[in-house]
K.L.:
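Quick one: the structure is below, and I'll ask about it shortly.
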Amino acid sequence: MTDDANNRYDVSRRTLMKGAGAAGLGSMAGCTDLGLGGDEGTTTLYFAQEKGPLEFDPIVLNDVPSAQISERIFQGLFTYSEGTEIVPELAAGEPEVERDGTRYIVEIKEDAEFQNGDPVTAEDAAYSLTAPVQEETENAAEVDMIDSAEAIDEKTVQFDLGFPYAAFDTTLLFNIVPKSVREEDKTAFNEEEPVGSGPFQFVEYTQEESATIEAWDDYWGEESPEVDEVVWTGIPDGTTRLTSLQNGENDIIETVPPDLYSELENSDEAEIMSSPSIGYYYLAFNCNEGPATDQRVREAVDYCFSMDEAVSNHIEPAGVRQYSPIPAAVAEQWEFPTDEWANVPHEKDIDAAMSLFEEAGVDSDYEWRIIVPPDDLREQLGVSVSNGLQEAGYDASVQRLDWGAFSDQYISGNEDDYNIYALGWSGSPDPEAFTYYLFDQEVEGVTNGTFWQNDEINGENGLIRQARETPDREQRREMYIEAINTTLEERPHLPGYALANSYGVRNYVEGFQSHPDSATIPIAQEYTTVSIGER
């Protein structure tokens, strides 16, 4: 969400590291015309997430499972198209851009209204995009380029930026909340009575386990839902999720585990729908304390194992090898030199690794600590590195931590907490989302746990910051290429893979399609509407 911070989705650390739902909580058997609430005639869609939701207020939520549900309730001024094009949602048209890219003026659709009957106003929009900074929520970095926001009239909002932030169109995806309702009781708004302008209304939820939303009969837009309600259930275990699809407890499950792909591909009752995601999974070093502060040591670790082999063995066909922080779809749009970047990683060569370790003076009795979140795929990467370090003569341990402990430790910079960590990131379709938030010194200890220092690249006047504040696309492209070249050579990260956004879908589900943004679950969009056939 930032999968995924910045960017309204998964781009902060919570996006990618919290939300471990209760395992095995089975939803009720999918049954059209029986309904979760027992109302005969209700059409219910049952959807199994990897983790259950935490909260619903867009000002504070920052995890993918919550965003997948919340974004059915709330809407932004703009949204994604069927792909990653950014198109108007609450906005009446494209924004007017003035003052050399530092002023954006957006007109809101006249008929847009919230579920309590209040109109969506410019004041609501100005409030929504400034509240994260004023309240210092984890989403503040997504909107902190806004100096001021004001309502010119009831339906026209103006944003003045501190600098010509090149990716501001992605900021305009941020969801809009009704100021008066939220200000009355923020806790209730987050957990009991979220009110948005989207086609679904909140019904109930159990934190980290499940949630129910229902179609809003008086929805102001044109894309009314064709299902009456959606029941979301968090099922972290991949095998249990697949079983729930096969036995009809769920109609759709997200993220098909690699080792279960063939089982679902051979099914007569369901199919896999997938699309390349705008996400990135990687190994990262603690460059603040310990031996990994030395570039030679990071390169030695790269020699200890083959990332190509690890991805082939443990990730495919659920994902593909990625050789830079930039997802393939974004790299293609920006014509980045991905072929050159693919030549940077080393093949496994333990002798070369041992030589570099010796050159850097790493004691043979050093004990490496690799931490991973509760995710089988990332744990496998950690084990691959650990095995290689042991072949090179070192003790190395992989510690699988729960999300809370992991999120506290990987940003500490303490050698006792970690030397290496495995993590993922989901952002917007702009290189800024995969450079600034992962490498810039300004976000050390927040979303950047490497503490890697190269002032020309990630310092106050470094290329990453310059590219963020430069409106010219070609100039930005050149800056990003140079910055990523250096990042790959100095290896604060070892890029790993990109997971596809994959779903197991029962054959009677009509209209569902995978989207590149992991927080977007198309149920009632302009380009597709989900319906349930005969079960």
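Residue numbers count from 1 along this sequence. Hydrogens, waters and symmetry mates are skipped; everything else that's a heavy atom, side chains included, is used.
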K.L.:
Using 30° and 60° as the class boundaries, would you call the ring planes of His346 and Tyr303 parallel, tilted or perpendicular?
P.N.:
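Parallel: the ring planes of His346 and Tyr303 meet at under 30°.
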K.L.:
Judged by modelled atom types alone, do Ser384 and Gln380 share a side-chain donor-acceptor pair under 3.5 Å?
P.N.:
no
K.L.:
Does a donor on one side chain sit under 3.5 Å from an acceptor on the other, for Tyr421 and Gln409?
P.N.:
no
K.L.:
Using the six-membered ring wherever Trp is involved, compare the ring planes of Trp368 and Tyr394 and label them parallel, tilted or perpendicular (cut-offs 30° and 60°).
P.N.:
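Plane angle over 60°, so perpendicular.
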K.L.:
Between the side chains of Ser412 and Asp417, does any donor sit under 3.5 Å from an acceptor?
P.N.:
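There is such a pair (donor and acceptor under 3.5 Å, judged by atom type) between the side chains of Ser412 and Asp417.
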K.L.:
Compute whether any side-chain donor of one residue and acceptor of the other, for Thr470 and Gln475, lie under 3.5 angstrom apart.
P.N.:
no
K.L.:
Distance only, no hydrogens: is a donor on one side chain within 3.5 Å (strictly under) of an acceptor on the other, for Glu442 and Tyr436?
P.N.:
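Note: Glu442 and Tyr436 side chains meet the donor-acceptor criterion.
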K.L.:
So, taking the atom named CG in Leu161 and the one named CD1 in Ile146, what distance separates them when rounded to the nearest 0.5 Å?
P.N.:
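Answer rounded to 0.5 Å: 6.5 Å.
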K.L.:
Does Asn501 use its side chain to pair, donor to acceptor, with the backbone of Pro516 at less than 3.5 Å?
P.N.:
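Yes; at least one donor-acceptor contact below 3.5 Å.
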K.L.:
What I'd like to find out is whether the side chain of Gln68 reaches to under 4.5 Å of the side chain of Gln49, using heavy atoms alone.
P.N.:
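Yes, at least one pair of side-chain atoms sits under 4.5 Å.
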K.L.:
Can you check whether Ser312 reaches Arg321 side chain to side chain, under 4.5 Å on heavy atoms?
P.N.:
no
K.L.:
Would you mind telling me which of Thr435, Asp440, Asn458 makes a side-chain hydrogen bond (donor to acceptor under 3.5 Å, both in side chains) with Arg465?
P.N.:
Asp440
K.L.:
Could you walk me through whether Ser407 and Trp403 pass the side-chain contact (heavy atoms from CB on, under 4.5 Å) test, one step at a time?
P.N.:
CA-CA 6 Å; Ser407 62; Trp403 288 108; 5.7 Å; no
K.L.:
State yes or no: are the ring centers of Phe357 and Tyr366 separated by less than 6.0 Å?
P.N.:
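For Phe357 and Tyr366, the ring centres are not under 6.0 Å apart.
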K.L.:
Taking the side chain from Ser66 and the backbone from Asp63, do they hold a donor-acceptor pair closer than 3.5 Å?
P.N.:
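Side chain of Ser66 to backbone of Asp63: no pair is present.
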K.L.:
Ile176 vs Leu77, test: side-chain contact (heavy atoms from CB on, under 4.5 Å). Steps then yes/no.
P.N.:
CA-CA 7 Å; Ile176 306 303; Leu77 293 172; 4.1 Å; yes
K.L.:
Nearest 0.5 Å, what's the CG-CG distance between Asn62 and Leu54?
P.N.:
10.5 Å
K.L.:
Give me the atom names and distance for the closest heavy-atom approach of Tyr280 to Gly496.
P.N.:
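Looking at all heavy atoms of both residues, the closest pair is CE1-N, 4.3 Å.
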K.L.:
When rounded to the nearest 0.5 angstrom, what is the spacing between CD1 in Ile521 and CD in Glu254?
P.N.:
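Output value for this atom pair is 6.0 Å.
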K.L.:
Considering the options Thr338, Asp308, Asn343, which one meets the side-chain hydrogen bond (donor to acceptor under 3.5 Å, both in side chains) requirement together with Tyr323?
P.N.:
Asp308
K.L.:
Would you find more than 12 non-hydrogen atoms of other residues, nucleotides or ligands less than 6.0 Å from Glu135 atom CD?
P.N.:
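Yes.
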K.L.:
Classify the angle between the aromatic ring planes of Tyr497 and Tyr281 as parallel (below 30°), tilted (30 to 60°) or perpendicular (above 60°).
P.N.:
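Tyr497 and Tyr281: parallel rings.
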K.L.:
Check whether the side chains of Tyr165 and Asp144 place a donor and an acceptor atom closer than 3.5 Å, and report yes or no.
P.N.:
no
K.L.:
side-chain contact (heavy atoms from CB on, under 4.5 Å), that's the test. Do Phe285 and Thr450 meet it? Break it down for me.
P.N.:
CA-CA 6 Å; Phe285 292 98; Thr450 71; 6.0 Å; no
K.L.:
Measure from NZ or CZ of Arg491 to the centre of the six-membered ring of Trp452, then state whether that distance is under 6.0 Å and the direction lies within 45° of the axis.
P.N.:
no
K.L.:
On the 0 to 90° scale, with breaks at 30° and 60°, tag the Tyr282-His493 ring pair as parallel, tilted or perpendicular.
P.N.:
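Aromatic pair Tyr282/His493 classed parallel.
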K.L.:
Could you verify whether a donor N or O on one side chain and an acceptor N or O on the other, from Glu444 and Gln453, lie under 3.5 Å apart?
P.N.:
yes
K.L.:
Are there over 12 heavy-atom neighbours, none belonging to Glu340, within less than 6.0 Å of that residue's CD?
P.N.:
no
K.L.:
Are Arg296 and Glu299 close enough for a salt bridge, meaning some N to O gap below 4.0 Å?
P.N.:
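So Arg296 does not pair with Glu299 through a salt bridge.
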K.L.:
Begin with the C-alpha distance, continue with both residues' side-chain angles, and end with the deciding distance and a verdict on side-chain contact (heavy atoms from CB on, under 4.5 Å) for Ile235 and Glu50.
P.N.:
CA-CA 5 Å; Ile235 306 179; Glu50 288 187 88; over 6 Å; no
K.L.:
Relative to each other, are the rings of Tyr410 and Phe406 parallel, tilted or perpendicular (30° and 60° limits)?
P.N.:
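Rings of Tyr410 and Phe406: parallel, under 30°.
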K.L.:
Looking at every heavy atom in both Asn461 and Gln466, which two are closest together, and how far apart are they?
P.N.:
O-NE2, 2.7 Å
K.L.:
Ignoring hydrogens and geometry beyond distance, is a side-chain donor-acceptor pair present between Trp341 and Asn485 at under 3.5 Å?
P.N.:
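Their side chains do contain a donor-acceptor pair, which is all the 3.5 Å distance test asks for.
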K.L.:
Assess whether atom CG of Asp365 is packed by more than 12 heavy atoms of other residues, nucleotides or ligands within 6.0 Å.
P.N.:
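Buried by this count: over 12 neighbours within 6.0 Å.
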K.L.:
What's the verdict on salt bridge (charged side-chain N to carboxylate O under 4.0 Å, His left out) for Asp430 and Arg473, showing C-alpha distance, side-chain angles and the deciding distance?
P.N.:
CA-CA 11 Å; Asp430 191 286; Arg473 182 185 175 97; over 6 Å; no
K.L.:
Please determine, by modelled atom types, if Gln441 and Asn448 share a side-chain donor-acceptor pair under 3.5 angstrom.
P.N.:
no
